[in-house]
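Structure first, then comments.
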Amino acid sequence: MVIFETLADIGAQVFSFLPNIAIAVILLLIGWLIGWVVIKVSRKILELVKIDHYIMHEGKSHFRLTKILPVVFAWFIYLVFIQAAVDALGVATLVTVVGKVIDFLPGLIGAILVIVAGYAIGEYVRRHVEDSKVMYSDLIAKGLFFLVLYIAIATALPLVNIDSTLISNILVVIIGS
């Protein structure tokens, strides 16, 4: 008799949890749909603005902002809907974990933007130094590009709570020498 009561209690808990699961699945589907639309629309907008033109020079670029930024925007939306779905489930541990991931995002997005801006500035400097056609301009251009990128990375690391003391000290040694 005790076994049947225990099974009945488990069944009641599962059936009482089913609406929460359904709500979570619906929220995830809505988030996925909105994220997909954001990818398509933001990619078109970035292509119309020709944002890649400011970074690329004669087709030389390791990444395209029209491919990266829409995915970043979409994942921000995905994570918001994942948090809403986890809240709908009501599992406290999952709510805490997803909350910590969401709290980490602003620093990560800021770090990505700093690195992308550093890359764009480095490409701009490299391109103009190479176009100057002075002696060793290609070597100087590459050196300046990597220096700007190095500074951008050293600036971005504290935004994701990574100590950049070692990287800053290496930069001081490089500049000093």
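Considering NZ of Lys133 and CG of Asp138, their distance stands at 9.0 Å, rounded to 0.5 Å. Residue Leu147 holds its CG atom at 13.0 Å from CD1 of Ile140, rounded to the nearest 0.5 Å. Put simply, CZ on Phe81 and CG on Leu28 are 9.5 Å apart, with the number rounded to the nearest 0.5 Å. Taking CG from Leu89 and CG from Leu94, the interatomic distance works out to 7.0 Å, rounded to the nearest 0.5 Å. Rounding to the nearest 0.5 Å places CH2 of Trp75 at 5.5 Å from CD1 of Ile82. To the nearest 0.5 Å, atom CG of residue Asp131 and atom CZ of residue Arg126 are 9.0 Å apart.
Closest of all the heavy-atom pairs between Asp103 and Pro106 is O-CD, 3.4 Å. Between Ala88 and Ala24, the shortest heavy-atom distance links the atoms CB-N, 4.5 Å. Of all heavy-atom pairs between Val114 and Ala152, the closest is CG1-O, 3.4 Å. In terms of heavy-atom proximity, Gly118 sits nearest to Val148 at O-CG1, 3.4 Å. Heavy atoms only, all atoms of each residue included: Arg43 and Lys67 are closest at NH2-O, 3.9 Å. Considering every non-hydrogen atom in both Val160 and Ala111, the closest pair reads CG1-CB, 3.9 Å.
The hydrophobic cluster containing Ile162 also contains Leu166, counting ILVMFWY residues as joined when their side-chain heavy atoms lie under 4.5 angstrom apart, directly or transitively. Hydrophobic clustering of Ile, Leu, Val, Met, Phe, Trp and Tyr side chains at less than 4.5 Å, counting indirect connections, unites Phe104 with Val95. Cluster membership for Ile30 and Trp32, using ILVMFWY side-chain heavy atoms within less than 4.5 angstrom, is shared. Using a 4.5 Å cut-off between side-chain heavy atoms of Ile, Leu, Val, Met, Phe, Trp and Tyr, with links allowed through other members, Leu159 and Phe76 fall into different hydrophobic clusters. Grouping the Ile, Leu, Val, Met, Phe, Trp and Tyr side chains by contacts below 4.5 angstrom, directly or via other members, places Val97 apart from Leu105.
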Problem set entry | From CA spacing to verdict: side-chain contact (heavy atoms from CB on, under 4.5 Å), Phe73, Ile39 | CA-CA 7 Å; Phe73 299 151; Ile39 285 177; over 6 Å; no
Exercise. Does the side-chain contact (heavy atoms from CB on, under 4.5 Å) test come out yes or no for Gln83 and Leu79, once each step is laid out?
Worked result: CA-CA 6 Å; Gln83 183 178 25; Leu79 286 173; over 6 Å; no
Problem set entry | Pair Phe145-Val125, side-chain contact (heavy atoms from CB on, under 4.5 Å): steps then yes or no | CA-CA 7 Å; Phe145 170 77; Val125 169; over 6 Å; no
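Electrostatic pairing of Arg127 and Glu130 does not count as a salt bridge here, judged by no charged N lying under 4.0 Å from a carboxylate O.
No side-chain heavy atom of Ile115 sits less than 4.5 Å from a side-chain heavy atom of Ile112. Side-chain contact between Ile170 and Tyr150 is present, with heavy atoms from C-beta onward closer than 4.5 Å. At a threshold of 4.5 Å between non-hydrogen side-chain atoms, the residues Ser42 and Leu69 do not count as touching.
Counting non-hydrogen atoms of other residues, nucleotides and ligands closer than 6.0 Å to OH of Tyr78 gives a total above 12.
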